Amino acid sequence: MANTIQQQLIYHTQQAVKALYQSDIPENQLTIQETRKEFEGQLTIVVFPITRFSKKSPEATGAEIGAYLKEHVPELAAFNTIKGFLNLSLSDVYWTDLFKTHVIQESFGRFPSNGKKLMVEYSSPNTNKPLHLGHIRNNLLGYSVAEILKAYGYEVIKTNLVNDRGIHICKSMLAWQRWGNGETPESSGLKGDHLVGNYYVRFDKAYKQEIDMLKAQGLSEEEAKKQAPIIREAQAMLQRWEAGDEAVIALWKMMNGWVYAGFEQTYGRLGVDFDKYYYESDTYLLGKDIIQEGLDKGVFFRKVDNSVWIDLTADGLDEKLVLRGDGTSVYITQDLGTAQLKYDDFHMSESIYVVGNEQDYHFKVLFLILEKLGKPWATGLFHLSYGMVDLPSGKMKSREGTVVDADDLMDEMTETAKKRTEELGKTEGLSDTGKAHLYHIIGMGALKYFLLKVEPRKRLLFDPNESIDFQGHTGPFIQYTHARIKSVLAKGGYSQATPLAVPSVLASSERDLIQLLHNYPAVIEASAKEFSPAQLANYCYEVAKQYNKFYHEESILKAEEEARDFRLHLSSATARIIASGMRLVGIEVPERM
RNA sequence: GCGCCCAUAGCUCAGUUGGAUAGAGCAACGGUUUUCUAAACCGUCGGUCUUAGGUUCGAAUCCUAAUGGGCGUACCA
C-alpha cells in the first residue's frame with residue numbers, strides 16, 4: 001500500500017521490457033530507490049539489469065524505458081537518465097494527492113491489530129544495587145521496542161524479571177546487619193536502592209580484606225575466596241533464606257522493599273513501565289520438571305555423578321550442564337522453567353529478551369534446548385542483544401565505583417537542560433511546575449536520544465567529561481523543531497478546520513518533506529521487524545532536519561492564502577509525525593521550548 | 001585453543017534487498033536575524049570505508065583469510 005507507485009513503476013517497466021525488447025525481466029531484478037539529492041527527480045530505476053535484454057548502453061536503455069513510462073504512467077511528469085540511472089520526477093499532483101489521502105489522515109502511521117501477542121522482557125535488575133547507565137540503555141531499548149511493536153499491531157506484554165534472591169542479595173543483607181546500626185531510608189534520607197547498594201560495596205570491601213589476610217597466611221587466591229569467613233556467612237544466610245528462616249526472610253523483605261521503592265522512582269523518571277513482574281524468588285525452583293521431561297525424551301543424559309547434561313556439540317556448541325549432581329538448579333534450569341511459565345501465562349507467539357551481549361551464548365543454548373525439547377513456541381524466542389556502555393577508561397564496574405549512576409545522570413541532564421533554557425531566555429511566562437516539566441523533558445530527551453540513536457548491537461561510548469549535546473543530531477533538536485512548528489501553527493491560527501488547499505506547484509523542500517513523511521509507516525515496520533529503535537530515532541531526525549530546511553526556504557504565514565493554508569497543514573502533519581515517532585522511542589516533545 | 005560480535009572523516013554515529021561522486025552531527029573556519037523561535041539555516045575543511053584476496057556489469061554492503069578491539073567458552077548469575 002505504501003509503495004503503490006513503486007509497484008506500478010516496476011510493473012510498467014516490465015511491460016516496457018516486453019514491448020521494447022521482447023523479453024521478460026523478473027521483478028526481483030528491478031530495483032527502485034529514492035533519487036539522490038543532487039539529481040533531478042524523486043524516484044530512480046537502476047537500468048543496468050535491463051541492458052542484458054536491451055543490448056544497448058545503459059543511457060540509451062534508460063531513455064527508451066523512460067519514454068515508455070512517460071506514456072503509460074500518468075503520475076510521471078519528467079525523467080532523465082544519468083549513467084545507468086533513470087531518474088523520475090513525479091507530478092506535483094501526485095505528491096499533493098499522497099499528502100491529502102495518506103499523510104494527513106488520522107490513521108496514518110497506525111497499523112491494525114495483527115491479533116498476535118508478544119512479550120518483551122527488559123530491565124531485570126538485581127536488587128542489591130542501584131541502576132546505572134548500562135541499565136538505562138536496557139530499559140530504554142526494551143520500552144521502545146515494546147512501544148514500536150504495539151504500534152505495528154502486536155498486543156505487547158512488558159515484563160520485568162526481578163533478580164531478588166541469591167548470594168549477592170545476602171551480601172548486602174549481611175553487611176547491613178553488621179554495620180548498619182539500623183539505618184533506613186527514612187533515617188538516612190538515602191534512596192532505598194542506593195542505601196542497599198552501599199552495603200553491597202561495604203561487603204565487598206570487607207571480603208577483599210579477608211582474602212588478603214588469608215593470602216598473607218599462605219592460602220591461594222582461589223582458596224582464600226572460598227575460605228573467607230564473611231563469604232561463608234553470606235552463604236549460610238542464603239541457606240537459611242532457602243529454608244525459610246523467618247528472621248532472614250523478614251530482613252530480606254524489608255531491604256528489598258527499600259530497593260523497590262527506589263526503583264519505582266527511577267523507572268518513573270525514565271518513563272518506563274511493566275505489565276507483569278516476575279520474581280526469581282518465585283521462579284528459582286522452576287525447571288526441574290523440564291529436566292525430567294528432557295530425560296524422558298532422551299534430549300538430556302545423566303552422568304555418573306548424577307548431574308544432567310545436554311550434548312550440543314553437533315550444533316557447534318558444547319556439552320552443557322542443566323542440573324547439578326546434587327539436584328540443585330543452575331541458571332539455565334531456572335530459565336527453562338521461567339520460559340515455560342511465561343508461555344503458560346500468556347500464550348504469546350513471540351517473546352523477546354532484552355539482555356546484554358555477554359549472554360549471547362547463554363541464550364543460544366537456551367533457545368536451542370527448548371527447540372530440542374519440542375516446544376512449538378521456541379521458534380518465537382528472540383534475544384535482543386545489545387552492546388555494553390563503556391567509559392573512556394573501559395568497562396563500568398559497580399564494585400570499583402566506576403559506574404555512571406542512573407539517578408545522578410538524570411539529575412545532571414535535567415540541570416543542563418535548565419541552564420541551557422535559561423541562557424536562551426525561553427522561560428518567560430512558564431509556571432514553576434511548567435519549567436520543571438520542560439527541563440525534565442529536554443534533559444531526558446537528550447539522554448534517551450543519545451542512547452537510542454545507536455544500533456543496539458553496537459557498543460556505546462559514554463564520556464562523562466563531555467556532556468551530551470543539545471545541538472545537532474540530538475533529541476533536543478527534534479524537540480525544538482516540534483515546539484517551533486507548534487508556535488507557527490498557533491500564530492497562524494491553524495486548526496483542523498483550516499481549509500486544505502493544494503498548490504499547483506510545490507517547492508522542492510515541500511516535495512521532499514512530503515516524500516519523507518510518507519515513509520513513516522515503512523520506517524515503523526522496519527524498526528519493528530528488526531527490533532531497532534535506532535532506525536526510528538534517525539528517521540525523526542531526518543524529518544526535523546528536512547522541516548527546518550523548508551522552514552527557512554519558504555515563508556509560511558506570509559505566503560498567499562492557499563499556500564499558507566497548505567503549509568500549515570504540512571507543518572501540522574510534520575509535528576504529528578515527530579511527536580508520534582518520538583513517543584515510540586520514549587521521548588516526549590514539548591509545546592514550546 | 002574454539003565460538004560470537006564490532007571496525008566508515010580528528011571525535012560520535014548513519015549508510016535500505018549489492019547501485020551514481022560514501023552521508024549527518026560535533027570540533028575548526030566563514031556567512032545568514034527590522035520578516036513565522038538562531039537549541040535553527042547555508043557554505044568551507046575533512047575518507048586507502050582496518051588489510052589482502054574472491055564473486056559481480058557494479059562491493060562500505062556478499063564470501064574467504066589476516067589484523068585490531070570487545071564478549072563468551074563455570075556444577076556463577
Side-chain angles (χ1 to χ4, degrees), chain A residues 28 31 33-39 44 46-49 51-52 58 82-85 87 126 163 166-168 280 303 305 307-309 316-318 320-326 328-332 334-335 356-362 364 385 387-388 390 394-395 417 420-421 423-424 426 442 446 450 453-455 457-463 466 468-481 483-492 519 522-523 526 530 534-535 537-538 541-542 544-545 547-559 564 567-568 571 592-593:
Chain A
N28 61 18
T31 51
Q33 61 193 34
E34 289 186 10
T35 306
R36 295 178 70 111
K37 279 282 178 295
E38 59 266 41
F39 302 105
T44 294
V46 183
V47 305
F48 293 107
T51 57
R52 255 181 57 215
I82 297 169
K83 295 188 183 170
F85 299 89
N87 301 320
N126 293 341
N163 187 350
I167 189 70
H168 50 291
E280 284 199 19
K303 287 196 176 176
D305 68 352
S307 57
V308 181
W309 296 72
L317 305 175
D318 306 302
K320 188 83 189 166
L321 176 94
V322 292
L323 193 70
R324 291 194 185 101
D326 63 6
T328 57
S329 298
V330 287
Y331 184 44
I332 204 152
Q334 205 183 120
D335 267 7
N357 63 7
E358 74 259 340
Q359 295 198 29
D360 284 357
Y361 184 76
H362 172 76
K364 226 187 231 180
S385 163
M388 297 290 104
D390 290 326
K395 248 187 120 163
R420 298 274 313 164
T421 308
E423 276 166 15
L424 293 168
K426 295 194 173 187
I442 297 173
F450 177 81
K453 75 172 180 185
V454 180
E455 280 297 325
R457 93 177 93 69
K458 305 241 182 142
R459 66 190 269 274
L460 199 57
L461 189 75
F462 176 81
D463 188 343
E466 272 182 57
I468 292 174
D469 277 324
F470 284 66
Q471 284 172 12
H473 190 180
T474 67
F477 168 83
I478 301 167
Q479 293 173 315
Y480 168 75
T481 306
R484 182 185 235 185
I485 294 172
K486 285 295 177 165
S487 166
V488 186
L489 293 178
K491 285 202 173 141
N519 286 344
V523 173
E530 288 165 50
Q535 293 192 23
N538 285 307
Y541 171 69
E542 279 173 38
K545 205 169 143 58
Y547 181 85
N548 279 316
K549 190 185 172 74
F550 155 72
Y551 179 94
H552 276 271
E553 286 179 4
E554 310 298 333
S555 178
I556 298 166
L557 299 180
K558 290 199 172 154
R564 176 191 139 105
R567 286 172 182 167
L568 285 172
S571 298
R592 56 168 283 193
M593 70 184 270

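These numbers come from a predicted model, not from an experiment. Here is the naming used below: chain letters follow the sequence lines, and residue numbers restart at 1 for every chain.
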Self-check item: Inter-nucleotide C1' distance (rU8(B), rA59(B)), Å rounded
Solution: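 Here rU8(B) and rA59(B) have their C1' atoms 14 Å from each other.
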Practice problem: Could you work out the separation of rA60(B) and rU51(B) based on their P atoms and round it to a whole Å? | Solution: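 Per the computed distance, 11 Å lies between those P atoms.
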Practice problem: Step through it carefully: locate the ring centre of Phe477(A), locate the ring centre of Phe470(A), and say whether they are under 6.0 Å apart. | Solution: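 Ring-ring flag for Phe477(A)/Phe470(A): false, centres at least 6.0 Å apart.
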Under 4.0 Å, counting only non-hydrogen atoms across every strand here, what does [X] touch: a base, just sugar-phosphate, or nothing?
{"X": "His473(A)", "result": "sugar-phosphate"}
{"X": "Gln33(A)", "result": "base"}
{"X": "Thr44(A)", "result": "base"}
{"X": "Pro49(A)", "result": "base"}
{"X": "Met593(A)", "result": "base"}
{"X": "Asn87(A)", "result": "base"}
{"X": "Arg457(A)", "result": "sugar-phosphate"}
{"X": "Ala526(A)", "result": "nothing"}
{"X": "Tyr361(A)", "result": "sugar-phosphate"}
{"X": "Ile442(A)", "result": "base"}
{"X": "Arg52(A)", "result": "nothing"}
{"X": "Val46(A)", "result": "base"}
{"X": "Asn163(A)", "result": "sugar-phosphate"}
{"X": "Glu530(A)", "result": "nothing"}

Residue matched to [N] through Watson-Crick or wobble contacts both under 3.5 angstrom:
{"N": "rA39(B)", "value": "none"}
{"N": "rG47(B)", "value": "none"}
{"N": "rG3(B)", "value": "rC71(B)"}
{"N": "rU64(B)", "value": "rA52(B)"}
{"N": "rA27(B)", "value": "none"}

Any side-chain N or O of [X] under 4.0 Å from OP1/OP2 of [N]?
{"X": "Lys491(A)", "N": "rU37(B)", "result": "yes"}
{"X": "Arg324(A)", "N": "rC76(B)", "result": "yes"}
{"X": "Arg564(A)", "N": "rC36(B)", "result": "no"}
{"X": "Lys545(A)", "N": "rG25(B)", "result": "yes"}

Quiz item: Do Lys426(A) and rU37(B) share a donor-acceptor pair, side chain to base, under 3.5 Å?
Solution: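 For Lys426(A), whose side chain was compared with the base of rU37(B), there is a donor-acceptor pair (under 3.5 Å).
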Practice problem: Would you mind reading off the distance between Arg420(A) atom CZ and rU37(B) atom C1', rounded to a whole angstrom? | Solution: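 Going from CZ in Arg420(A) over to C1' in rU37(B) covers 14 Å.
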Self-check item: Phe39(A) aromatic ring stacked with six-membered ring of rA20(B), 5.5 Å and 30°
Solution: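 It does: the two rings, one from Phe39(A) and one from rA20(B), meet the stacking criterion.
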